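Here is the structure we will look at.
Every value quoted in this text rests on a predicted model; they were computed, and no experiment measured them. Each chain gets a letter, A, B and so on, in the order the sequences are listed, and its residues count up from 1.
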Protein chains: 2
Amino acid sequence: MLTLSHHNPTACRAISDVLARVGDKWAVLVVELLCNGPLRFTELQRSIGNISQKMLTTTLRGLERDGLVTRTVYPTIPPRVDYELTTLGRGLHEPVKALSDWARANIDRINDARRVFDAERD
Amino acid sequence: MLTLSHHNPTACRAISDVLARVGDKWAVLVVELLCNGPLRFTELQRSIGNISQKMLTTTLRGLERDGLVTRTVYPTIPPRVDYELTTLGRGLHEPVKALSDWARANIDRINDARRVFDAERD
DNA sequence: CCGAATCCCCGCGGATACTG
DNA sequence: CAGTATCCGCGGGGATTCGG
């Protein structure tokens, strides 16, 4: 079994985990949104637009579990819950931005390649 | 609907596509392997270890479609097919490496956070 | 307002068998 | 060797309902 870090199995699985998280569309959107400061559940949901409550909850739990996001409950009525990026979460944003910058810079080439490929495939 | 690039819907979807590709475990492994030069189908399959033919084919087709990998068929008997990273593919490797470097550097913190979270959750 | 719980569907991905 | 074709199980994720 090949590994990402010079054949270290444990590190490999760990890195795959992080990459999978970045590959998760919703998780990236949430991190991006929280960059400008904390938001509450409903604000996140409205901002994203078409995410189900279930998926937003699942995404936030995952980010919280990995120590990327903090969850703060205010025992008011009605209840209020704020989500905020941790230092770790803000650190993750940097390489993610590098990747999305690369995507923006090369998306035309990728789309061209797709058109050519699809055209040749009759 | 929120978008990643200052509310440009088209670019947003495109970036999500690229992130999804990076989130694809097999795709990243293949790109990593092809960094050292071209490989044929069976070499890739043996190197990765436990990937099915179906998934390797699907992964390679996807990478080829996006212009990240070239597919070269030698009409010999038995047939031989080489896969090689394009310039675009090699370019992708750089931000991906930045991300995996971040993962390696912070995996301990993430694992600690997970243990704490799982412990508190009885 | 912020979820947890339940039902349900569809597509990913493995296993297997067959071609050029 | 390098695929394609087919069947199939399981889990991701939407819709809906209920609780604190």
Side-chain angles (χ1 to χ4, degrees), chain A residues 1-2 13 16-30 33-34 38-66 69-84 117-118 120-122, chain B residues 1-2 13 16-17 19-30 33-34 37-66 69-84 117-118 120-122:
Chain A
M1 171 73 182
L2 169 129
R13 270 214 8 195
S16 282
D17 275 14
V18 174
L19 293 181
R21 167 120 318 162
V22 172
D24 178 0
K25 179 186 173 185
W26 301 131
V28 173
L29 287 174
V30 167
L33 280 171
L34 292 181
L39 291 173
R40 44 195 303 191
F41 188 88
T42 316
E43 290 175 332
L44 282 169
Q45 191 171 21
R46 280 205 319 272
S47 293
I48 296 179
N50 53 357
I51 185 176
S52 62
Q53 301 151 346
K54 181 182 180 182
M55 282 316 296
L56 183 53
T57 301
T58 303
T59 300
L60 288 169
R61 285 294 170 282
L63 292 172
E64 187 194 0
R65 178 172 184 265
D66 286 0
V69 158
T70 57
R71 177 171 180 271
T72 310
V73 180
Y74 299 95
T76 58
I77 294 180
R80 172 201 179 96
V81 181
D82 274 16
Y83 292 93
E84 186 172 12
F117 184 90
D118 293 345
E120 284 175 350
R121 204 176 160 279
D122 307 332
Chain B
M1 171 71 181
L2 170 127
R13 270 214 7 195
S16 281
D17 276 12
L19 292 181
R21 176 141 318 255
V22 172
D24 178 358
K25 178 185 173 186
W26 301 130
V28 173
L29 287 174
V30 167
L33 280 170
L34 292 181
L39 290 173
R40 44 196 304 193
F41 189 87
T42 318
E43 291 174 330
L44 281 169
Q45 192 171 21
R46 278 206 320 273
S47 294
I48 296 179
N50 52 359
I51 185 176
S52 62
Q53 302 148 348
K54 181 182 179 181
M55 282 316 296
L56 183 53
T57 300
T58 303
T59 300
L60 287 169
R61 287 291 172 283
L63 292 172
E64 187 195 359
R65 178 171 183 265
D66 286 1
V69 158
T70 58
R71 177 171 180 271
T72 310
V73 180
Y74 299 96
T76 59
I77 295 179
R80 172 200 181 95
V81 180
D82 275 14
Y83 292 94
E84 184 173 13
F117 185 90
D118 293 345
E120 283 175 350
R121 203 176 159 279
D122 310 331

So what does Tyr83(A) touch, heavy atoms closer than 4.0 Å: a base, only the sugar-phosphate, or nothing? sugar-phosphate
In whole angstroms, the gap separating P of dG3(C) from CD1 of Ile51(A) amounts to 13 Å
Rounded to the nearest Å, what distance is computed from the CG atom of residue Asp82(A) to the C1' atom of nucleotide dG3(C)? 15 Å
Expressed in angstrom and rounded to an integer, what is the separation of Ile77(B) atom CD1 from dT19(C) atom P? 18 Å
With a 4.5 Å heavy-atom cut-off, do Leu60(B) and Leu56(B) have their side chains touching? yes
If you check the Val81(B) side chain, which of dG13(C), dG3(D), dG3(C) turns out closest? dG3(D)
Counting side-chain heavy atoms from CB outward, which of dC1(D), dC7(C), dT4(D) is closest to Lys54(A)? dC7(C)
Val30(B) pairs by side-chain contact (heavy atoms from CB on, under 4.5 Å) with which of Leu39(B), Ile51(B), Leu63(B)? Leu63(B)
Separation of Asn50(A) atom CG from dA15(D) atom C1', in whole Å? 14 Å
Please report the distance, rounded to the nearest Å, between CD in Gln53(A) and P in dC1(C). 11 Å
Hey, does Val81(A) have a side-chain heavy atom less than 4.5 Å from the side chain of Arg71(A)? yes
To the side chain of Trp26(A), which of dG14(D), dG3(C), dG14(C) is closest? dG14(D)
Per nearest nucleotide of DNA chain D, the residue lying toward the 5' end, Arg40(B) or Asp24(A), is Arg40(B)
Kindly indicate whether the side chain of Leu29(B), heavy atoms from C-beta on, has any atom under 4.5 Å from the side chain of Leu44(B). no
Among dG14(C), dG14(D), dA4(C), the nucleotide that comes nearest once only the side chain of Thr57(A) is considered: dA4(C)
If I take atom CG in residue Leu60(B) and atom C1' in nucleotide dG3(D), what distance separates them, rounded to the nearest angstrom? 11 Å
Does Arg61(A) or Pro79(B) map to a spot on DNA chain C nearer the 5' end, using the closest nucleotide for each? Arg61(A)
Between Asp66(A) and Phe117(B), is there a side-chain heavy-atom distance shorter than 4.5 Å? no
Atom-to-atom span, CG of Leu56(B) to P of dG14(C) - whole angstrom: 11 Å
What is the distance, rounded to the nearest whole Å, between atom CZ of Arg80(B) and atom C1' of dC1(D)? 11 Å
